[in-house]
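Take a look at the structure set out below.
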Amino acid sequence: MTAVVVDLDGVRQAMLRGNGAPIHTLDNAFYKSYSAASLTLARKEDSTKAVADRMSKAAPSNVPSTPLPNVTYAVGGVTIMVGGNAIGAIGVSGAPGGNFDEECARADLAKIQDRMK
């Protein structure tokens, strides 16, 4: 599994890749953290899953969807909050089952919550 932390400008601040994690997890984890940092704040959402859930319930539109660089709606991107303020985001890719990526990201944050400022 790979985890990538970005600041609110989408700049990588940390990356950790586990032994044997597939090479594509490096990009996927970055895309998830970048998306959480850039897409969740305006609507006070806390994850790429929340964004994807909202979008799945939206009425069909005839406005063309333009792909944005580095943006994904895949589960596994979580906004990092400290004192009620967003300071960045973490993205996880490669957990044993993609449905566990967000759970892993939240567990990672929980382990260091008391040290975040």
Side-chain angles (χ1 to χ4, degrees):
M1 154 179 141
T2 299
V4 174
V5 174
V6 298
D7 62 19
L8 291 179
D9 292 321
V11 177
R12 289 176 182 95
Q13 299 298 311
M15 187 273 300
L16 182 63
R17 178 177 177 229
N19 292 341
I23 190 69
H24 67 271
T25 62
L26 295 165
D27 289 332
N28 281 340
F30 169 67
Y31 299 155
K32 291 174 182 186
S33 60
Y34 182 95
S35 298
S38 63
L39 297 176
T40 61
L41 303 180
R43 292 206 163 108
K44 308 235 185 284
E45 294 164 322
D46 71 342
S47 67
T48 52
K49 180 179 184 324
V51 174
D53 288 348
R54 173 179 45 83
M55 291 177 65
S56 71
K57 295 172 188 163
S61 172
N62 60 0
V63 176
S65 176
T66 305
L68 298 170
N70 304 322
V71 170
T72 185
Y73 303 105
V75 173
V78 176
T79 308
I80 301 171
M81 304 292 289
V82 175
N85 297 310
I87 63 165
I90 183 171
V92 170
S93 180
N99 54 318
F100 296 116
D101 288 346
E102 181 174 332
E103 185 178 321
C104 289
R106 290 188 186 281
D108 293 344
L109 291 176
K111 287 186 178 204
I112 62 166
Q113 189 69 40
D114 61 330
R115 293 182 277 160
M116 293 193 298
K117 299 177 187 173

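Quick caveat, the model's predicted, so the values are computed rather than measured.
Under a hydrophobic-cluster definition in which Ile, Leu, Val, Met, Phe, Trp and Tyr are linked whenever side-chain heavy atoms come within less than 4.5 Å, directly or via other members, Val11 and Ile87 are assigned to different clusters.
When side chains are defined from C-beta on, Asp108 counts as touching Met1, because their heavy atoms get closer than 4.5 Å.
Note that CG of Leu41 is 8.5 Å distant from NZ of Lys44, once rounded to the nearest 0.5 Å. Separating the OG1 atom in Thr2 from the CG atom in Leu26 is a distance of 5.0 Å, to the nearest 0.5 Å. Rounding to the nearest 0.5 Å gives a distance of 10.5 Å between CD of Gln113 and CZ of Arg115. Residue Leu109 holds its CG atom at 5.5 Å from CE of Met116, rounded to the nearest 0.5 Å. Note: Asn28 CG to Ile23 CD1 = 11.0 Å, rounded to the nearest 0.5 Å.
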Please walk me through it: do Lys32 and Val92 pass side-chain contact (heavy atoms from CB on, under 4.5 Å)?
-> CA-CA 7 Å; Lys32 291 174 182 186; Val92 170; 6.0 Å; no
Evaluate the side chain to side chain donor-acceptor pair (under 3.5 Å) criterion for residues Thr48 and Ser35: first the C-alpha distance (whole Å), next the side-chain angles of each, then the deciding distance (0.1 Å), finally the verdict.
-> CA-CA 7 Å; Thr48 52; Ser35 298; over 6 Å; no
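Of the residues Val78, Val6, Thr79, Val4, the one that meets the side-chain contact (heavy atoms from CB on, under 4.5 Å) test with Ile90 is Val78.
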Could you tabulate the donor-acceptor pairs under 3.5 Å formed by side-chain atoms of residues 68-75, not counting sequence neighbours?
from: Thr72; atom 1: OG1; to: Ala74; atom 2: N; distance (Å): 3.2

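Listed for the Asp7 side chain is a donor-acceptor partner under 3.5 Å among the backbone atoms of Asp9.
Shown here are the ring pair (Phe, Tyr, Trp, His ring centres under 6.0 Å) partners of Phe30, two or more places apart in sequence or in another chain: Tyr34. Residues that satisfy the side-chain hydrogen bond (donor to acceptor under 3.5 Å, both in side chains) test with Glu103, not counting sequence neighbours, are absent from this structure. Applying the side-chain hydrogen bond (donor to acceptor under 3.5 Å, both in side chains) test to Ser47 and every residue at least two apart in sequence or in another chain returns nothing. Every residue two or more places apart in sequence or in another chain that forms a side-chain hydrogen bond (donor to acceptor under 3.5 Å, both in side chains) with Asp46 is listed here: Arg106. Judged as a salt bridge (Lys or Arg N to Asp or Glu O under 4.0 Å), and not counting sequence neighbours, the contacts of Asp53 are Lys49.
Closest approach of Ala29 and Ser93 over heavy atoms only: N-CB, 3.7 Å. Closest of all the heavy-atom pairs between Ser33 and Ala89 is O-CB, 3.2 Å.
Dense packing is recorded around CG of Asp114, with more than 12 heavy atoms of other residues, nucleotides or ligands lying under 6.0 Å away.
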